[in-house]
K.L.:
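The structure's right below; bear with me while I get my questions together.
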Amino acid sequence: MTILYIKKEKDDLLASTYQNSHKSTKKFISSLIEDKQNATITIAVALAKDDRLYNYMKNKDYDHFEYNKISNQMRKYTRFENVWIQIVNNKGQSIYRSWDTLKHDDLHFRKDVKQTLKSKDITRSISVGKYDLSIKARCPIFDLDNSFLGFIEVITHFNSIAQKLKEHKIHSIIIVDKKFNKRIKYPFSKRFINDYYLVNKNAQNKYINIIKNKNIEEFLHLKKYKIIDNKLLISYKLKDRDNEYLGSILTFIELKDIDTKKINLYHKQTIILATVILLIILILFILYVYYLNSSHSKRLNRKLKNHIKQLRIQEGKKQSILDSQSNIIVITNGEEIINANIQLFEFYKNVRNLKEFKEKYYCICNTFLDIDTDNSYIKNIDYDGKNWAEYILFNSHKHFKVAIKNHKNVIRHFSINVSKRKVDNYLIVTLTDITHIMEQKEELKYLNNNLEKIIENKTKELKELNESLEDKIKDEIYKSKEKDRLIFQQSKITAIADTLKNIAHQWRQPLSSISTATSGMQLQKEMNVLDDEEFERTCNTIIQNTRKLSKTIDNFTNYFIEEKCHTNFSILEATNNSIKFLESIFHENEIEVVFNYDQDFIINGFKVEFQQCITNLLDNSIFALSKIKDKNKRVILLNIKNKKLHIKDSGNGIEEKNLSKIFEPYFTTKHQSYGIGLGLYMVHELLTKHMHYKIDIKNCEFSYKNDTYKGAEIIIDFN
């Protein structure tokens, strides 16, 4: 009886291990397929962003597609050994394949193609085509007018999934259902098992031979695992989006590759424990007989107590094995709890031991909650004459659950399983916590039921965000225009100040001459020494200087004359006007100005604005040169060559860190009393935005009259 009990315990543990392998393998396959689908759709979206694709599709220039090169590169540099790329037009015709030359065949026989043509959206699928069972991702192609041109499809295969399984010692055979035989006209692997197409090229013959001479249907639709030839056989069904069966992935795990060390250890320990118990019983019997027939009863009594102590130690080891299980395990005779592992008291923290548990609850079934929404939940009720445990045991092929509140009053969900020991008819109840799985199912159910509402809310949020962004953009545009208006107004004020300053410079010498002549004539009159000749000469001097003042006013009037439209004007004349405008300031600061040119040419724009730009540039050079102590080294060179105006000065240049900022508004290297940083900004705005010319500034070295100078160079490009 003991041997049968030990064997039954080992078989149960092995069955549990194989069932766990069955579940984990299916979960692993599912995650591999999901990862492959995500990678495939990522490639499709990336390829669809190529602008050349839109042009080729729109112009029907299909000969320029070179996706076969991309497939080869992916085969060489990534884990994707076989990535196929197909272009399908808006009529559902294949116009390009990276792996074949076949064109213009109709793909409407595929449900996933019809779905993409209808939705015109990104889609993915697992389907059977003319070549293979494969994973596919499609991304729509639109032109600039948002007209649907077709879609690009990226196709990946199951070989890499099979290889990944093999790396984990899981061997696979991927089979397509025989109903698709007529559809597969150009089989990729060219391998068949009876009437069934074999997908993966790397399938090993020893596993193919296992199912080849048997009823293959038996293996394709397995609901549980199957042990055959010392191999654990598991079937994973492949279905499309409409839940249509496509085929199966049959996996084989060698039993020697499944970790059963703990089971073997438990088996050995149980045998040892049983042997020890039998030996102890035998020894106790011998001792008892010896005790009845011996005068050394006291000594034997002490030995008996010692052996009983050892027996309790062995029972403790058995309890330790029970406590090492992660699930809640309860052993009952059908009426009351006989034993339980420590996980029971970890969950019911308001009790410390089995005695307290039975006093408070009597039966664990008294804590089961009544979940009306799901018939798979067990309740503490009568099931046609059977209690809950007997009902589960009688329906062992079904999956049952229970809901129990923990010490924090939080509902936890468990899968519940009941098995029966043949030796003593005890029932073993195992509860596995599946709360996280149920929460995920509820979350998916909620998302599925509220998907349209979630999409509607997100669309509304995006619309409100878009309207908010539009208001902010309009506000920023208004602020930018207002800022530009203020900048131009400040620039005009600065130009007026510069004009008044230049007029003052131009008038200073004529007014001084008039004042001197008038004072001299008045003094001669008082001394009675003023003759007619001297009077005539003095009057001529006054008239001459008065004309000079009048001419200055005319020059300034012509210089700042208002222009209402673009005109054609001479670059040479405009530059000379700016030089003459500052002539008195050059003279006052002892600056030598040289203007050379290879040819004159005509440009179109506002002449006065252009002259103001040149004047502003020269004014900056004057400021830089005024700091040069040696007045003999104050030089400005202007040169027109190849339709470019170069302005160089000997003012030692600009710090390198400031060169990139020189045309920014309000940036200035002058003291605040000399400027507000708008001059060069306005020059840049007028020349680049108003007249569409280029202007640049840099530091340079140049030679003039056998001397070398260092300074700044302005280049205006009229080309």
K.L.:
Could you tell me which non-hydrogen atom of Gln611 sits nearest to which non-hydrogen atom of Asn577, and how far apart they are?
P.N.:
OE1-ND2, 2.8 Å
K.L.:
Give a yes or no on whether the backbone of Asp106 and the side-chain of Lys91 come within a donor-acceptor separation of less than 3.5 Å.
P.N.:
no
K.L.:
Out of Asn68, Ile155, Val83, Ile85, which residue meets the side chain to side chain contact (heavy atoms under 4.5 Å, CB included) rule with Trp99?
P.N.:
Ile155
K.L.:
Any chance you could measure Leu687, atom CG, to Lys694, atom NZ, to the nearest 0.5 Å?
P.N.:
13.5 Å
K.L.:
Using side-chain heavy atoms (C-beta onward) and a distance below 4.5 Å, is Asn699 in contact with Asn652?
P.N.:
no
K.L.:
Arg124 and Asn38: side-chain contact (heavy atoms from CB on, under 4.5 Å), yes or no, with the steps?
P.N.:
CA-CA 9 Å; Arg124 68 180 188 179; Asn38 290 337; 2.9 Å; yes
K.L.:
Distance from Ile87 atom CD1 to Leu149 atom CG, nearest 0.5 Å?
P.N.:
11.0 Å
K.L.:
Is the number of heavy atoms from other residues, nucleotides or ligands within 6.0 Å of NE2 (His587) greater than 12?
P.N.:
no
K.L.:
Taking NZ, NE, NH1 and NH2 as the nitrogens, is one of them in Lys710 or Glu701 under 4.0 Å from a carboxylate oxygen of the other?
P.N.:
no
K.L.:
For Asp649 and Ile622, indicate whether the former's side chain and the latter's backbone hold a donor-acceptor pair under 3.5 Å.
P.N.:
no
K.L.:
Looking only at heavy atoms, which two atoms of Ile70 and Leu47 are closest? And how far apart?
P.N.:
CD1-CD2, 3.8 Å
K.L.:
Got Phe610 and Met691 here, is their nearest side-chain heavy-atom distance under 4.5 Å?
P.N.:
yes
K.L.:
What's the separation between atom CD1 in Ile628 and atom NZ in Lys633, rounded to the nearest 0.5 Å?
P.N.:
9.5 Å
K.L.:
Check whether any side-chain N or O of Ser147 sits under 3.5 Å from a backbone N or O of Asp143 as a donor-acceptor pair, and report yes or no.
P.N.:
no
K.L.:
Tell me whether Arg634 contacts the main-chain N or O of Asn589 through its side chain, where contact means a donor paired with an acceptor under 3.5 Å.
P.N.:
yes
K.L.:
Are Lys648 and Tyr709 in a cation-pi contact, defined as NZ or CZ under 6.0 Å from the six-membered ring centre and within 45° of the axis?
P.N.:
no
K.L.:
In Å and rounded to the nearest 0.5 Å, what is the SG to CG distance from Cys613 to Leu645?
P.N.:
11.0 Å
K.L.:
Can you find a side-chain donor-acceptor pair between Asp600 and Ser570 that sits under 3.5 Å?
P.N.:
yes
K.L.:
Give, for atom NZ of Lys607 and atom CD of Glu573, the distance between the pair rounded to the nearest 0.5 Å.
P.N.:
3.5 Å
K.L.:
Quick check: do Ser94 and Glu153 have side-chain heavy atoms less than 4.5 Å from each other?
P.N.:
no
K.L.:
Just how far is it from atom CD1 of Ile135 to atom CD1 of Ile41, taken to the nearest 0.5 Å?
P.N.:
12.0 Å
K.L.:
Go through Val45 and Lys49 one step at a time and tell me if the side-chain contact (heavy atoms from CB on, under 4.5 Å) criterion holds.
P.N.:
CA-CA 7 Å; Val45 172; Lys49 297 299 181 183; 4.2 Å; yes
K.L.:
Give me the atom names and distance for the closest heavy-atom approach of Leu107 to Val88.
P.N.:
CD1-CG2, 3.7 Å
K.L.:
Identify the two heavy atoms, one from Gly92 and one from Leu117, that lie closest to each other, and give their separation to 0.1 Å.
P.N.:
CA-CD1, 3.7 Å
K.L.:
Do the non-hydrogen side-chain atoms of Leu102 and Arg97 ever get within less than 4.5 Å of each other?
P.N.:
yes
K.L.:
Using the rule given for side-chain contact (heavy atoms from CB on, under 4.5 Å), can you reason through Thr615 versus Leu618, listing the C-alpha separation, both sets of side-chain angles and the distance that settles it, and then say yes or no?
P.N.:
CA-CA 5 Å; Thr615 302; Leu618 293 174; 5.8 Å; no
K.L.:
Any side-chain heavy-atom pair from Ile122 and Pro140 closer than 4.5 angstrom?
P.N.:
yes
K.L.:
Compute the centroid of each ring, for Tyr681 and then for Phe663, and state whether the two points are separated by less than 6.0 Å.
P.N.:
no
K.L.:
Do NZ/NE/NH1/NH2 and the carboxylate oxygens of Asp112 and Lys136 come within less than 4.0 Å?
P.N.:
no
K.L.:
Would the distance check show the side chain of Asp717 and the main-chain N or O of Asn719 forming a donor-acceptor pair, the cut-off being under 3.5 Å?
P.N.:
yes
K.L.:
Contact between Tyr67 and Leu53 at the side-chain level, heavy atoms closer than 4.5 Å - yes or no?
P.N.:
yes
K.L.:
If you look at every heavy atom in Ser125 and Arg138, which pair is closest and at what distance?
P.N.:
OG-NH2, 3.0 Å
K.L.:
Would the Tyr597 and Phe595 ring centres measure less than 6.0 Å apart?
P.N.:
yes
K.L.:
Taking everything shown except Lys643 itself, do over 12 heavy atoms lie less than 6.0 Å from its NZ?
P.N.:
no
K.L.:
Do Gln73 and Lys76 have side chains that get closer than 4.5 Å, going by heavy atoms?
P.N.:
no
K.L.:
I'd like to check Ile716 versus Leu617 (side-chain heavy atoms, cut-off strictly below 4.5 Å). Are they in contact?
P.N.:
yes
K.L.:
With a cut-off of 6.0 Å (strictly less than), are more than 12 heavy atoms of other residues, nucleotides or ligands near CZ of Arg241?
P.N.:
no
K.L.:
After noting the C-alpha distance and the side-chain angles of Asp707 and Val635, does the key distance pass the side-chain contact (heavy atoms from CB on, under 4.5 Å) rule?
P.N.:
CA-CA 11 Å; Asp707 283 331; Val635 179; over 6 Å; no
K.L.:
Would you call the rings of Tyr693 and Phe718 parallel, tilted or perpendicular if under 30° counts as parallel and over 60° as perpendicular?
P.N.:
perpendicular
K.L.:
Quick one: closest heavy-atom pair of Thr575 and Leu638, and the distance?
P.N.:
CG2-CD2, 3.9 Å
